[in-house]
Each structure stands twice: as C-alpha cells, then as structure tokens.
Amino acid sequence: MAHIRILKHYVHFPFLILGLLELCACMLAIYAAVPTRLLIGDINYTFQDSDLFYSALAYGAVILISMNAMGVYQARLSEGRTGMALRTLVAFVIGSLVFPIFYYISSDIFGVIWRSVLVLATLYAVLFVLVVRILFYTFVDENIFKRNVLILGTGKRANGLLEDFRKPEDWKGVHLVGFYPFEGDDVIVDDSKVIKTPLGIMDYVLANAIDEIVIAVDDRRKKLPLEELMACKLEGIEVVQESTFTERETRKVPLNVISPGWFIFSDGFKTSALGSVLKRSFDILASLILLSVTWPFILVTVACIKFEEGLKAPIFYKQVRVGVNGEPFEVIKFRSMGVDAEKGGQAIWASKNDDRVTKVGAVIRKYRIDELPQLFNVLKGEMAFVGPRPERPVFVEKLANSIPYYNERHRVKPGITGWAQLCFDYADSEEDSKEKLRYDLYYIKNNSLMLDFLILLQTVEVVLFKKGAH
C-alpha cells in the first residue's frame, strides 16, 4: 500500500507509519523526563503514569505538527536525509517553544511538565526519534510499501504518464513493471519498457505479482480485455484509470485526459452548507491569529517602505483580480515594486530577478510579508485563507482561451496560500500556469478542512525555506 486516503487527501503510507512511531517516541520522552527530573532534584512527588498521558499526547502532537509544518514527512523532500534531519531539529525548536503555551492555558492538566522537565523531554525526544528513524530506514525496505504496477497501453496516454513521473522520487510509491501492449496503440513509449510476452494479461499479472493495472489506452472504442481485467479484479488486483493513478501519486489532475464527464462522475467537487460555514470560520480564525502574531512585521514593513522611497511613497498596492465565480475584486498587498512598475497600464508577468522590485520589496517578497495585507481581503470575505491564487483579468482571459478548464479554478474563493504554491514554483509563463492549474483542480476536487490545515502548516516551510518566492 503506497498511499492511504484520509478525508479525500492521499497520504504517503510509509510516512504515516513513521509519524505514528515518532508520536509514540515523543510521548515516551515525557514518561522518561518526569522521573528523571524528580531523581535529579531529589524531589518527593507522587504521580501515576496515567497522569502523564494527556501531557505526553499533547507534547507528541505539537512536535508532530511542527515536523509536518517543516515538511519532514513529504515524500518528495529533495534534500535527502540530511535535509530531513535539519528540518526535524527546527521542528523540535518550534515545538518546544509552542508547547509551554499549554502549560499556561491548562496548568491543571499539564502542571507536571515544568520547564526543566520540558528541556529533558526534548533531549529524550530527539534521541528517541533519532533511534526510531535509524531503525525505520535500516530495517524497513521502502520497496515493501511499493505497488507493482502494470500499464495497459503503449501510446500517447501511456507516454503521458512517463512525462508526469519524470523524477526518481515521483516513483516513491510504485514500481513500474512495464507497458503491456494493447491492440490499436502505437508504440510511443520507450521500447525497452514494453513487455514482450506470449502470456495473456491475466497470466502475466499472476506470474509477476502485479498489484495494480493502470488503463492508459488511446482508443477506447477498441474492445478492452474485459473478462481478463474482471478476473484480475476478482483476484484482488486493483484496476484504475490513468487519471486516478496520476492524481493519487502526483497530487495533481491530468488535464490531457479529463472531460466534462470526468467532472460530472468524479467522486470529488463536493460542497455543503456546514462545510462552507466551517471553512469561513477557519478563514476568520486563522486570519485573526496571523494578524495578532505578525503585526510587528507589518509596522516594520511600513517604516522600511517609507524610509526607502520617502514619506509620500504609497505603502499598499491595490490590483483587480478575479475572484469566486469570476467576480472581480481588489487585492491588497504591500508595494514591492516601483510606482511605475507597469507604465502605460500594460500587465506584465512577474519574473525571477525582476528589476522592477525595490530593495525592501525583494525582502518582503522572499518571506511572503507582502501578502499579509490580504488578510483583510479574507476578513471581508473576498478571499479564503487557502485556495487557488487570484489572477489578473487580462491574464485570466488569455489563459482561459488557451488552457482547457482554466475557469474551473474560480469555482472556489481564491486564497493567500494554496496547494499549487506548495507543490510548484512561481508561475511566470502560460505553460507554468497550465501546470499550476493541475494542482488547483486537485485542491478543488479534494477540498476539505484537513487539506486546508495541511497546506497552512506546510506554508510555514515555504516561508522559512523561501520556496517559490519571486
């Protein structure tokens, strides 16, 4: 099992197991820290192990959430185990600073966790997590969690799968056995990956321990081997469309295979009155919390803009963007470019090393501080905290004419942060916008509070490690 679906979102199964083990390790750290502190201080304090459960669970949850925010459990983490170790240490620092809040709010529950106990618990937790991780990667072969996948088809659709899975880390959850030929498909995929066997698909699947068959044939009017595929299904072998396979493994929607029928019969794109109320409450609460934390940065940014460009220089930059259902609204941002950034009123794509960006602008864009005024757009109800990034009308008109289903991203409120911002670098071209649309459609299809919370957590990583900021 490579992935497990929780509240409509695909979670990489090995990292789910690792996270649960590390939660237990952090809880164990509390159980070890309290008696250690009593022993060191020769303190006579009687407690039951059950008294520590809620403290241990809270501490473990805070550390686990912090590691999630640092991207520790991302299957695509490119820095390797060294990067994972660095992010883990940062997560422990953040978690150890956040956890004492529980002490002041609920001292009757967490009263045993004194500051000295927390220091010892953190030392123990780092050690225990290190041991768990070493054992996990030493004794657990990642291939155990991989599914042996056979792709039926050798034409354009089959080759499109290879184009979506370009990097080695893209295949973390699956092992590609090969492409089984289908009558009528041209051989466009690499010939070395085409399976040449006299066996029928059923016999081949059973002989090679195939876990999953992906249907990726070009001409579906040709008769599929339905009897053999049904026999495979009855043997417990998964049979899925390439769109489902791509969405599950890459967390994005394949534009080349979707159609109006796909939208209609898809198991996603669901909304409810209760869900809308909860999301709006989440938006307001998250915005107010972030404003209460970041107001010093807001004041410093205002002062820096004035210092660089003069007292009469405008602080904010308002720009018309396309909102939910295509309705225009004015987005508010700290001005990061010169006043005459768009002479003549012509819209220009932002790009890397854009010479229109001011010195202060370069800093606030790198750390996403320029986005903070959009919290007022959220409070006004024009934006959500999480959703597709709003685009300018002139670009929307152009992109909608060249990219199929582009306007579907306007079915939900635009957001300050979003799934595409986490998974893809800054879009500064039409081709980039097409790729980002695939992530936006994944978000809209699998929209849930859990996914919003995960995106919000991992946005912390984007800010700290400066991913995707131009």
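Since we're looking at a predicted model, the values are computed, not measured.
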#### Entry: Minimum-distance pair of heavy atoms, taken over all atoms of Gly323 and His410
O-CB, 3.8 Å

### Query
Got a second to check how far Leu176's CG is from Leu161's CG, nearest 0.5 Å?
9.0 Å

### Query
Could you go step by step and tell me if Leu441 and Glu408 meet the side chain to side chain contact (heavy atoms under 4.5 Å, CB included) rule?
CA-CA 8 Å; Leu441 289 178; Glu408 300 309 317; 4.0 Å; yes

#### Entry: Full working for side chain to side chain donor-acceptor pair (under 3.5 Å) between Thr88 and Arg133
CA-CA 11 Å; Thr88 300; Arg133 203 163 288 177; 2.6 Å; yes

### Task
Could you tell me the separation between the OG1 atom of Thr459 and the CG atom of Leu456, rounded to the nearest 0.5 Å?
6.0 Å

## Note on the structure
With Leu375 as partner, the option from Ile298, Ile416, Ile332 fulfilling side chain to side chain contact (heavy atoms under 4.5 Å, CB included) is Ile416

### Message
Just so I know, are the side chains of Asn447 and Leu451 near enough to count as touching, which here means a heavy-atom distance under 4.5 Å?
### Response
no

### Query
Any side-chain heavy atom of Met337 sitting closer than 4.5 Å to one from Arg365?
yes

#### Entry: Pair Glu371 + Arg368: basic N to acidic O under 4.0 Å
no

### Task
Work out which heavy atom in Pro390 is nearest to a heavy atom in Val322; give both atom names and the distance.
CB-O, 3.8 Å

### Task
Kindly check if the number of other-residue, nucleotide or ligand heavy atoms within 6.0 Å of CZ (Phe297) is above 12?
no

### Summary
Heavy-atom nearest pair, Pro388 first then Lys413, reads CD-O, 3.8 Å

### Query
For Pro373 and Phe316, which heavy atoms make the closest approach, and how far apart are they?
CG-CE2, 3.9 Å

### Task
Would you indicate whether the side-chain heavy atoms of Leu288 and Leu379 approach each other to under 4.5 Å?
yes

### Contact summary for Val324 and Arg411, nearest pair of heavy atoms
CG2-O, 3.9 Å

#### Entry: Set of salt bridge (charged side-chain N to carboxylate O under 4.0 Å, His left out) partners for Arg409, sequence neighbours left out
Asp440

### Query
Atom CZ in Arg321, atom CZ in Phe395: separation rounded to 0.5 Å?
9.0 Å

### Message
So Leu278 and Phe282, do their side chains get closer than 4.5 Å, heavy atoms only?
### Response
no

### Message
Applying ring pair (Phe, Tyr, Trp, His ring centres under 6.0 Å), can you list everything that pairs with Tyr406, at least two apart in sequence or on another chain?
### Response
none

### Message
Before we go on, tell me: are the rings of Tyr317 and Phe334 under 6.0 Å apart, centre to centre?
### Response
no

### Task
Taking all heavy atoms of Val357 and all of Ala362, pick out the closest pair and write down the distance.
CG1-N, 3.3 Å

### Query
Do Tyr124 and Leu28 come within less than 4.5 Å of each other through their side chains, counting heavy atoms only?
no

### Query
Are any non-hydrogen side-chain atoms of Glu430 and Ser402 less than 4.5 angstrom apart?
yes

### Between CE on residue Met67 and CG on residue Leu18, distance to nearest 0.5 Å
7.5 Å

### Summary
Between the CZ atom in Phe385 and the CG atom in Leu285, the distance rounded to the nearest 0.5 Å is 10.0 Å

### Any side-chain heavy-atom pair of Leu130 and Ile134 under 4.5 Å
yes

### Asn377 and Glu330 side chains, donor-acceptor separation under 3.5 Å
no

### Query
Is Trp419 reaching over with its side chain to a backbone N or O of Ile444, donor-acceptor style, under 3.5 angstrom?
no

### Message
Is the shortest side-chain heavy-atom distance between Glu247 and Thr244 below 4.5 Å?
### Response
no

#### Entry: Residue pairs involving residues 89-98 (criterion side chain to side chain donor-acceptor pair (under 3.5 Å); sequence neighbours excluded)
Ser96-Thr122

#### Entry: Any donor-acceptor pair under 3.5 Å from Glu435 side chain to Asp432 backbone
no

### Task
Taking Arg389 for its side chain and Gly415 for its backbone only, find out whether a donor-acceptor pair lies under 3.5 Å.
yes

### Task
Assess whether side chain to side chain contact (heavy atoms under 4.5 Å, CB included) is satisfied between His175 and Arg147, documenting all intermediate values.
CA-CA 6 Å; His175 171 249; Arg147 300 172 67 84; over 6 Å; no

### Pair listing, ring pair (Phe, Tyr, Trp, His ring centres under 6.0 Å) test, anchored in residues 243-263, at least two apart
Phe165-Phe245, Trp262-Phe269, Phe263-Phe269, Phe263-Tyr405

### Residue pairs passing the side chain to side chain donor-acceptor pair (under 3.5 Å) test where at least one lies in residues 274-300, sequence neighbours excluded
Lys279-Tyr443, Lys279-Asp452

### Query
Do the side chain of Arg438 and the main chain of Val253 share a donor and acceptor less than 3.5 angstrom apart?
yes

### Task
To the nearest 0.5 angstrom, please state how far the CZ atom of Phe329 sits from the CD atom of Gln319.
10.0 Å

### Query
Can Val129 and Cys26 be said to form a side chain to side chain contact (heavy atoms under 4.5 Å, CB included), step by step?
CA-CA 7 Å; Val129 165; Cys26 291; 4.0 Å; yes

#### Entry: From CA spacing to verdict: side chain to side chain contact (heavy atoms under 4.5 Å, CB included), Leu290, Leu372
CA-CA 9 Å; Leu290 191 57; Leu372 289 177; 4.2 Å; yes

### Sequence neighbours excluded - side chain to side chain donor-acceptor pair (under 3.5 Å) pairs with any residue from residues 303-315
Glu309-Arg335

